[in-house]
Amino acid sequence: MAEQTTTGAGGAAATGYDPQKIEAKWQKRWAEARVFETEADPSKPKYYVLEMLPYPSGTMHMGHMRNYAIGDVVARVKRMRGFNVLHPMGWDAFGLPAENAAIKNKTHPRIWTNNNIAQFQGVLRRFGFTYDWRREISTCEPEYYRWNQWFFLRMLEKGLAYRKKSRVNWCPKCCTVLANEQVINGGFCWRHEDTRVESGEIEQWFLKTTAYSDQLLDDLKRLEGGWPERVILMQQNWIGKSQGAKVKFAVGGAAGAGPIEIFTTRIDTIYGATALILAPAHTLVSKLLEGSPARAEAEPKLAKMRQTSVKTEDLATMEKEGFFTGRYAINPFSDEKIPIWVGNFVLMEYGTGAIMAVPAHDARDLEFCRKYKLPVRVVIQPLEGEELIAEKMTEPFDEHTQGKLVNSGPFNGLSPVEAIAKMAAYAEQKGFGKAETIYRLRDWGISRQRYWGTPIPVVYCSKDGMVPVRDEDLPVLLPPNPKLTGEGESPLASTPEFVNTTCPKCGGPARRETDTMDTFVDSSWYFYRYCDPHNDKAPFDSAKVAYWFPIDQYIGGITHAILHLLYARFWCKVMRDLALVKHDEPIARLFTQGMVQKGGVAMSKSRGNVVGAEEMAQKYGADTGRLYTLFAAPPEKDLEWSEESIEGSWRFLNRVYRLVERHATAVRSVKDGKADAAAASLKEKTLLRKVHQTLRRVTSDFETRWHFNSAIALIMELTNDIYSQEPLEQGVRQEVQKEVLELLTLMLAPMTPHLAEELWEMMGHTEGLWKTGWPAFNQELAREDEVEIPVQVNGRVRGKVKVPAGSAEPEVVRVALALPAIAQHVNGKRVVKQIYVPDKMLNLVVA
RNA sequence: GCCCGGGUGGCGGAAUGGCAGACGCUGAGGACUUAAAAUCCUCCGGGGAUUUUUCCUCAUGUGGGUUCGACUCCCACCCCGGGCACCA
């Protein structure tokens, strides 16, 4: 459709399907009848379906739209199935782009944000989604963010919020912390591309996600079946539980350098340790070097190592470097004296910042020890195959599920698994170590030196120190007129009327905290607020939440697999421990839909490859846009946008419209609903069978498989059958026509709701389709009387037979052998085996 | 390096161990039309035989295997996408 005049909105189709007119009409009716407004009602089964809330920026494109179309089909199907459906929408409204846009356009972030919200909302309304707009929330409103502050205070009371100095990316020109994503070109500021990002230490607020490490990990098991496996795996990975042991090695010679604690998952290999290696940042390094014979040589190397800030991506490929400290440690198991080294591959952030090097049984240790000519000693011998000889090893033997210990004193002969338990217990008994579990998960740093976020509700008093703001003084409001320059100190810090306040404890002068919260805080609990969006006494009423939660179906992009979903789970557990909710997990089922791409990459404003949703609605109508995003690919897969393909969806809806229009008069004259199947002619029966079979399969595609694309294909096939050959015209009673067309319309309703309502009305219904439930298929009619069975000879299809459904095997074989095509392949040979799958296929094996 | 996905016509995709390519797009031909658009009809993986009808054969990344039967299950490999990564 290249010409304007050929669209439904234009002149040529003015008498036919006109989506612009139809869609406006039904949206108005739905709104007037308050169809999608829901209340908690314990007498009805509930269903909470939710799409991830959008960040309102740029234009709403078909990538967004696909997400909402999927959610809306689910919501509409569940509604038709009699569920009390909660389907809300809101705005992730705080964040950096708003602040940057405001700086650029010399306006207020709120204005930019609210303009975008108005635009996004307009488009969503244009697409006819079943949102209960009374429940709309916007996270930048004080009515919302005051509860962020309230939660923060609760976490502060519980010791779950704390301040500490931590390493950050610091841009000296912005005078602010940068997120990792804002560090570009291997260490430069995204805003000042000539400015190298410094690695600094500042005081930051943290939420203690690590307090829930085990629960966050263990409860993933409960999500199995409901969440995509890969999301569960990614979270597992992220939490990174590692079971091992910590062991202390005494240090000889150096004054004041106490024992060095190492972490290992393979304590069973400790007799094979031929060195200790410390991270360059380890606090003991300087002490070890004091007065060491190796000092002069080592110090320049250390300085160099500490200076080189390494990009994470390069770590794995980086050359291993190290130097000897001149000191020795004592292996507490063997009393052996081993050298203490410093190595650039040992991370201060993981474990204890020190490792034992067991070159025979660890790849990195082997590489390091070969390079620096440190000895290699085998302490695990494989049970099968060749005996390992230390001098010849080029690859470590790092299996722990096989082999037995050697050269390991009293532990010789044990399997590694046995040894891990026994040796950890021994270490604990002797007081130099114990079994320990460590995690990769870090606490959540939430401080941002930005304006457009939730102010952190604490003040600093010279007398009382850090003092939380009192609950009754919430919300701590953002100052209305900040100086936004993008440079200098944080905008809140340079707004005196915000900073200067009084101490809630002593009433004396105090300074407010000027950091704001990470916007992931906003999205960690927003779905609870939808249950009770206007509550000004509490974040929500627990009874309402108890009715609606958990979320039955959450839908969003895989990009949020870790951060958002992990924080949301954390928040839920905190709220549970505050006795606000009773469940352990907020989201029962998660669906990660694919992205809409154009030119092979995801649609985004910055790439300039967006297809605007509004534009599509104007060109083809919302129903065509919805249908196409559902039809073009299965929902979990990426979808390459094709302007040509959407024409097919548009053509199909026009066909459906014409089909119903053609029979509307006849159908309208039928009083009663169901067609009498018993009195049906052969032709009628064929028709009814087809439609009920389609209904059976579409029902399953919608409800259990989420194969919207194949559901649509089935409906298209049905439409083709009754459209092109025109079997509805001749010898088909009007009530049969009515049943066929009504079922077709109802099947389309979740996907193309406006068109469906219009057709429903055209067929004589005075009540809206929205009051109609999902139809049940007729088992009897959906069943075939006669089946066509492919007949194979030695696994190759050689013919087909038509037999009554449920025919017995001998009968089918008899008919099959009567076919010349089959007989030809069987003749002169012996049937050694026959396989018959009732009503499916027959295979004759001949020899 | 480790862990997950995924590889099917010109394209998007269908087929939950049982007729590979449904449905849609594109393309070709035809009908209608002064013409175009829209609409309707027919054809559309490769090779071969049969001038029709139809039949044979190869084909779901590659090579093996299990099975009466494999796009589907198993093993190995190649390619693409994603996540994690000197994690001790």
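Each chain gets a letter, A, B and so on, in the order its sequence line appears, and its residues count up from 1. Scope of the values below: all heavy atoms of this structure, side chains included, with no hydrogens, waters or symmetry mates.
For the C1' atoms, the distance linking B/C58 with B/G24 amounts to 27 Å, nearest Å. A distance of about 16 Å separates the C1' atoms of B/C68 and B/C73, rounded to the whole Å. Atom name P, nucleotides B/C25 and B/C41: the rounded distance is 12 Å, in whole Å. Taking atom P in both B/C4 and B/C56, the straight-line distance is 43 Å, to the nearest Å. Using P as the reference atom, B/A36 and B/G27 are 16 Å apart when rounded to the nearest Å.
A sub-4.0 Å separation between OP1 or OP2 of B/G13 and a side-chain N or O of A/H707 is absent. Distances shown here put a side-chain N or O of A/K833 below 4.0 Å from the OP1 or OP2 atom of B/C68. A close approach under 4.0 Å does occur between a side-chain nitrogen or oxygen of A/K637 and OP1 or OP2 of B/G13. In this model, the phosphate group of B/C87 is not approached by any side-chain N or O of A/Y439 to a distance below 4.0 Å at OP1 or OP2. Side-chain nitrogen and oxygen atoms of A/R364 include at least one within less than 4.0 Å of the OP1 or OP2 phosphate oxygen of B/C87.
Pairs of Watson-Crick or G-U wobble type, with distances under 3.5 Å, assemble into runs of 3 or more in RNA chain B at these ranges: B:1-7 with B:78-84, B:10-12 with B:23-25, B:27-31 with B:39-43, B:45-49 with B:54-58, B:61-65 with B:73-77.
Cation-pi check for A/R658 over A/Y723 is not met; the charged atom does not lie both under 6.0 angstrom from the ring centroid and within 45 degrees of its normal. Judged by the 6.0 Å and 45° rule, A/K320 forms no cation-pi pair with A/F368.
Note: A/W650 and A/F652 fail the aromatic proximity criterion, with ring centroids not under 6.0 Å apart.
A glycosidic torsion no more than 90° from 0 defines the syn conformation; B/G61 lies beyond that range and is anti.
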A/Y271 vs A/M423, test: side-chain contact (heavy atoms from CB on, under 4.5 Å). Steps then yes/no.
CA-CA 11 Å; A/Y271 282 84; A/M423 293 169 86; 3.8 Å; yes
Take A/W706 and A/V73 through the side-chain contact (heavy atoms from CB on, under 4.5 Å) test and state the conclusion after the steps.
CA-CA 10 Å; A/W706 281 38; A/V73 171; over 6 Å; no
Every protein N/O lying under 3.5 Å from an N/O of nucleotides 22-25 of chain B:
residue : atom : partner : partner atom : Å
B/A22   : O2'  : A/E717  : OE1          : 3.4
B/G24   : OP1  : A/N720  : ND2          : 3.0
B/C25   : OP1  : A/R651  : NE           : 3.0
B/C25   : OP1  : A/R651  : NH2          : 2.7

Between the protein and nucleotides 57-59 of chain B, list every N/O to N/O distance that falls short of 3.5 Å.
residue : atom : partner : partner atom : Å
B/U57   : OP1  : A/R798  : NH2          : 3.4
B/U57   : OP2  : A/R798  : NH1          : 3.2
B/C58   : OP2  : A/R796  : NH1          : 3.3
B/C58   : OP2  : A/R796  : NH2          : 2.9

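At a cut-off of 3.5 angstrom, the base of B/C84 holds no donor-acceptor pair with the side chain of A/N237.
The side-chain heavy atoms of A/R705 and A/S700, taken from C-beta on, include a pair separated by under 4.5 Å. With a 4.5 Å cut-off on side-chain heavy atoms, A/Y628 and A/M616 do not count as touching.
Using a 4.0 Å heavy-atom criterion, one finds that A/V837 contacts the bases of the nucleic acid, with or without backbone contacts as well. When heavy atoms are screened at a 4.0 angstrom cut-off, A/V346 is found touching base atoms of the nucleic acid. Within the 4.0 angstrom heavy-atom criterion, no nucleotide atom of any strand lies near A/D365. Using a 4.0 Å heavy-atom distance criterion, A/R230 is classed as a sugar-phosphate-only contact.
With sequence neighbours excluded, the residues satisfying salt bridge (charged side-chain N to carboxylate O under 4.0 Å, His left out) with A/E811 are A/R814. Taking A/P634 as the reference, A/E636, A/K637, A/N709 meet the side-chain contact (heavy atoms from CB on, under 4.5 Å) condition, with sequence neighbours excluded.
A salt bridge (Lys or Arg N to Asp or Glu O under 4.0 Å) check over residues 833-847 of chain A, counting only residues at least two apart or in different chains, returns nothing.
A salt bridge links A/E643 with A/K619; the closest basic N to acidic carboxylate O contact falls under 4.0 Å. Electrostatic pairing of A/K690 and A/D721 counts as a salt bridge here, judged by a charged N lying under 4.0 Å from a carboxylate O.
In this structure, the CD1 atom of A/I558 is 9 Å from the P atom of B/G83, given to the nearest Å.
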